[in-house]
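Along the sequence shown, residues carry numbers from 1.
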Amino acid sequence: MTTRYIKIITLKGSYFTKEYEKKKKDVIKVRKVLEETVKKFFKARDCEVLIIFEETGREVLVTPDSSAEDIKKYLGEKFIP
């Protein structure tokens, strides 16, 4: 299973998160993640990023197999593998 990170885009900027499931309590926790961490796994082709636009609720899934244009548009030029 591929790891999924979430990039939330707000009016004031954006940030990355990852969901973790607590095994003992069956609770899903959400934690902020550094952009460098996401970039490392994305370039290693070991994750996908779900882009969520907070204002509109629109969602876009970006994978390492996505077009270079989409990767640059949603994640930035430094994420292009």
Side-chain angles (χ1 to χ4, degrees):
M1 184 178 133
T2 305
T3 304
R4 177 177 284 184
Y5 291 97
I6 301 168
K7 180 177 183 181
I8 299 176
I9 299 176
T10 66
L11 290 176
K12 295 185 177 184
S14 64
Y15 58 94
F16 289 93
T17 63
K18 182 179 179 189
E19 294 180 345
Y20 297 90
E21 186 174 340
K22 292 281 193 171
K23 299 210 184 278
K24 291 182 180 178
K25 298 182 182 179
D26 290 330
V27 175
I28 295 178
K29 295 261 188 179
V30 177
R31 294 216 169 101
K32 285 191 176 182
V33 180
L34 294 174
E35 180 177 340
E36 293 300 315
T37 304
V38 178
K39 184 169 57 169
K40 180 177 84 172
F41 285 107
F42 193 82
K43 284 188 168 187
R45 305 181 68 79
D46 197 29
C47 76
E48 59 189 20
V49 181
L50 179 65
I51 314 295
I52 299 176
F53 295 90
E54 192 175 69
E55 286 297 306
T56 62
R58 187 171 145 230
E59 296 181 359
V60 177
L61 183 64
V62 179
T63 67
D65 297 325
S66 297
S67 69
E69 292 175 7
D70 284 347
I71 294 171
K72 184 177 177 182
K73 179 179 178 182
Y74 295 113
L75 297 176
E77 201 169 301
K78 52 192 166 190
F79 277 84
I80 297 174

In a table with atom names and distances, give each donor-acceptor pair under 3.5 Å that connects a side chain of residues 10-17 to protein atoms at least two apart or in another chain.
{"from": "T10", "atom 1": "OG1", "to": "K12", "atom 2": "N", "distance (Å)": "3.3"}
{"from": "T10", "atom 1": "OG1", "to": "G13", "atom 2": "N", "distance (Å)": "3.3"}
{"from": "T10", "atom 1": "OG1", "to": "G13", "atom 2": "O", "distance (Å)": "2.9"}

* Under 3.5 Å, side chain of K43 to main-chain N/O of K78, donor-acceptor pair present? ->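 Confirmed, K43 side chain pairs with K78 backbone.
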
* Path from I71 to F53 over hydrophobic side-chain contacts below 4.5 Å ->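 Yes: a chain of side-chain contacts under 4.5 Å links I71 to F53.
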
* Asked: Quick one: do I52 and I9 end up in the same hydrophobic cluster if we chain Ile, Leu, Val, Met, Phe, Trp and Tyr together by side-chain heavy atoms under 4.5 Å apart?
  ->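 No, I52 does not connect to I9 through the hydrophobic network.
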
What distance do [X] atom [atom1] and [Y] atom [atom2] have between them, rounded to the nearest 0.5 Å?
X	Y	atom1	atom2	value
E59	I6	CD	CD1	8.5 Å
I80	E69	CD1	CD	9.5 Å
R58	I51	CZ	CD1	10.0 Å
T63	L50	OG1	CG	12.0 Å
K73	L75	NZ	CG	12.0 Å
K18	T3	NZ	OG1	5.0 Å

* **Contacts of E77 that satisfy salt bridge (charged side-chain N to carboxylate O under 4.0 Å, His left out) - sequence neighbours left out** =>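 Salt bridge (charged side-chain N to carboxylate O under 4.0 Å, His left out) list for E77, sorted by chain: K72.
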
* Take Y20 and V30 through the side chain to side chain contact (heavy atoms under 4.5 Å, CB included) test and state the conclusion after the steps. => CA-CA 6 Å; Y20 297 90; V30 177; over 6 Å; no

Exercise: identify the closest heavy-atom pair between [X] and [Y]:
X	Y	answer
Y74	K7	O-NZ, 2.9 Å
V33	Y5	CG1-CE2, 3.9 Å
P64	C47	CD-O, 3.3 Å
L61	S66	O-OG, 4.3 Å

* Asked: Is the closest side-chain heavy-atom distance between V62 and F42 below 4.5 Å?
  ->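 Side chain of V62 against side chain of F42, heavy atoms only: contact under 4.5 Å found.
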
